[in-house]
Amino acid sequence: MYDFFHNTDIGIVLLTFIEALALLVPLLIGVAYLTYAERKVLAAMQLRKGPNVVGPFGLAQPFADALKMLMKETIIPSGSNRLLFLMGPMLTFMLAMLAWAVIPVNDGWAIADINVGILYLFAISSLGVYGIIIAGWASNSKYAFLGALRSAAQMVSYEVSMGFVLVTVLLCVGSLNLTDIVRAQQTVWFCIPLFPMFVVFFISTLAETNRSPFDLPEGESEIVAGFFVEYSSMSFALFFLGEYANMILMSALTTILFLGGWLAPFNMEPFTWIPGVVWFVLKICVVLFFFLWTRATFPRYRYDQLMRLGWKVFLPLSLVWLVLTAGALMAFGWLPNA
Amino acid sequence: MITAILFYLFAAILLGSATMVVSSRNPVHSVLFLILAFFNAAALFLIAGAEFLAMILVIVYVGAVAVLFLFVVMMLDVDFEDLRKGVQRYWIAGATVGAVLFIELAAVLGGWKLAPSAEQLRTSPVPSGVSNTQALGRILYTDYVFLFQTAGLILMVAMIGAIVLTLRDRKTSRHQNIRTQTERAVSETLQMMSLSLGAGTTASGGYLRPKETEPEPADAHAGHGHDDHGGHGHGHH
């Protein structure tokens, strides 16, 4: 059996397929319950009850919503570019799933433990813009197009400072492999020595996933729904799922880079009994809670303020911190693999 | 086996999409095919074992350069009739230039000879302990660090040049000073008045109006009398 799965071509393909399913099915259930958690958390913060009718504690609400979405009519605007119109949401959803191939959920538990894992993630996240631009353009509507332009400019801007944060972390690790990045945090999680970068990274992920307070692309109270005004039914649901899957992905990335991945908070007996996957999922949940908390707390940014924050505050800050980190590592001889 | 199949698959898609880039009628489709071509080139790099180059190709070309292409092409209003007229008018000149380029390329490629040391490198085995990220880093940042820095400086000069050429400080637009905005205290903006019941606000000395605290930004109205700011009719001046 082992021989079949690891040494024959068909076996390897089958094994990868099974591994992908084992990761994606929990992920999709997680996405479904993230929407539920968001409504519950927001409700609690606003002294409401939230969904509580469908199933016990409203737990079946996500599935009811999904069914409702499926039943609706898919409307394709007559002036739109049919093929690209349908490709936009599919691309967004696919990219959100694709990135999970390199995420290590436990020591050695990654579908592809590649050398350039962090670059792969960066590449995939930089492609997220395409789903949005294509959707905005193919809709053939000026509101959708304006929304797409705003969204693309926003995502491209925050990617730059995110890149510098990644480089800072990589300097302390000396490897582009995600498993190595987690292992390097055995003694201290990077969120402590690199705390400012942790904050910059978290805020950039908010902007990157188009979440509140940077949800201008969607901006439901100003530009109806930005780039996906024209979408309905399943094509709309795919955008929605993609956005939430991206949130989970970014939380996983934050966990890996700054919160020690699957590592227990203290390398001591009672903590190490709990398997790494549980720690990993717990940490993701904490970061996700911060996402929801931010949404309940802050009003939406104005567009020029958003751009100012990205280019005039985060970019110089992360650049200076990068130079400082490199200097400190060099001066004290802490460079890895030196 | 699988590697060979994948190679031919990616190579075929690469060539096909590259053809579509130049032959498709809709320029947006052209850019999208270009992106597909980049992806397949990255996949070929992966098969060759150059994973760093593959990822950088995707990040730089697909994630940044092609986004700009797509932006520009989507904003342009391309008239296909006009384009076709152009083809009929200029095809002789175009074909001549193309033929000259083709002959030149063929001549160069025909006389191509690898340096003996490069030929040696091709057959030497890949060192096992060094990943290609490390190998590239060593070459760029250790062996040729000064050349690399020079290249970076040249790019920076180009960037600063572009900014200097396009940046114009518009004197007439009102800039916001985020610092003065956030440093405003409640006492500077809000005025508490005790009003007698039923008397209205006029009884306590005039109409209520917001306190004027915000100093006029120094640069905002430096050039008075600019045409696009017709009539300085700001009520509270």
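Fair warning: this is a prediction, and the values are worked out from it, not measured in the lab. In what follows, chains are A, B, ... by sequence order, proteins preceding strands, each numbered from 1.
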Worksheet item: Are Val13(A) and Ile2(B) close enough, and set up right, to give a side chain to side chain contact (heavy atoms under 4.5 Å, CB included), and what steps lead you there?
Response: CA-CA 10 Å; Val13(A) 172; Ile2(B) 286 187; 4.2 Å; yes
Could you pull out every donor-acceptor pair under 3.5 Å between side chains of residues 118-141 of chain A and any protein atom, sequence neighbours left out?
from	atom 1	to	atom 2	distance (Å)
Tyr120(A)	OH	Leu98(A)	O	3.1
Ser125(A)	OG	Phe122(A)	O	3.2
Ser126(A)	OG	Phe122(A)	O	3.4
Ser126(A)	OG	Ala123(A)	O	2.7
Tyr130(A)	OH	Val62(B)	O	2.4
Tyr130(A)	OH	Val67(B)	N	3.3
Ser139(A)	OG	Ala135(A)	O	2.7
Asn140(A)	ND2	Gly79(A)	O	2.8
Ser141(A)	OG	Tyr143(A)	N	3.4
Ser141(A)	OG	Ala144(A)	N	3.4
Ser141(A)	OG	Glu230(A)	OE2	3.2

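For the options Leu149(A), Val156(A), Asp304(A), Ile12(A), heavy-atom pairs under 4.5 Å to chain B are most numerous at Leu149(A). Per-residue counts of heavy-atom pairs under 4.5 Å with chain A were compared for Leu70(B), Val28(B), Thr133(B); the largest is that of Val28(B).
Contacts of Ala42(B) with chain A are absent, with no heavy-atom separation under 4.5 Å from either backbone or side chain. Heavy atoms of Val60(B) lying under 4.5 Å from chain A are absent altogether. Contact of Leu57(B) with chain A is not made at all, since no heavy-atom distance falls under 4.5 Å.
More than 12 heavy atoms of other residues, nucleotides or ligands lie within 6.0 Å of CG in Leu155(B), so this atom counts as buried by the packing criterion. More than 12 heavy atoms of other residues, nucleotides or ligands lie within 6.0 Å of OH in Tyr303(A), so this atom counts as buried by the packing criterion.
Sorted by first and then second residue, the pairs that involve residues 9-40 of chain B and meet ring-ring contact (aromatic ring centres under 6.0 Å, His included), not counting sequence neighbours, are Phe38(B)-Tyr61(B).
Within the 4.5 Å cutoff, the side chain of Asn115(A) has no heavy atoms near those of the Asn132(B) side chain.
Checked against side chain to side chain contact (heavy atoms under 4.5 Å, CB included), Leu324(A) has the following partners two or more places apart in sequence or in another chain: Val320(A), Trp321(A).
Contact annotation for residues 80-93 of chain A against chain B (heavy-atom separation below 4.5 Å, listed by residue number): Asn81(A), Leu84(A).
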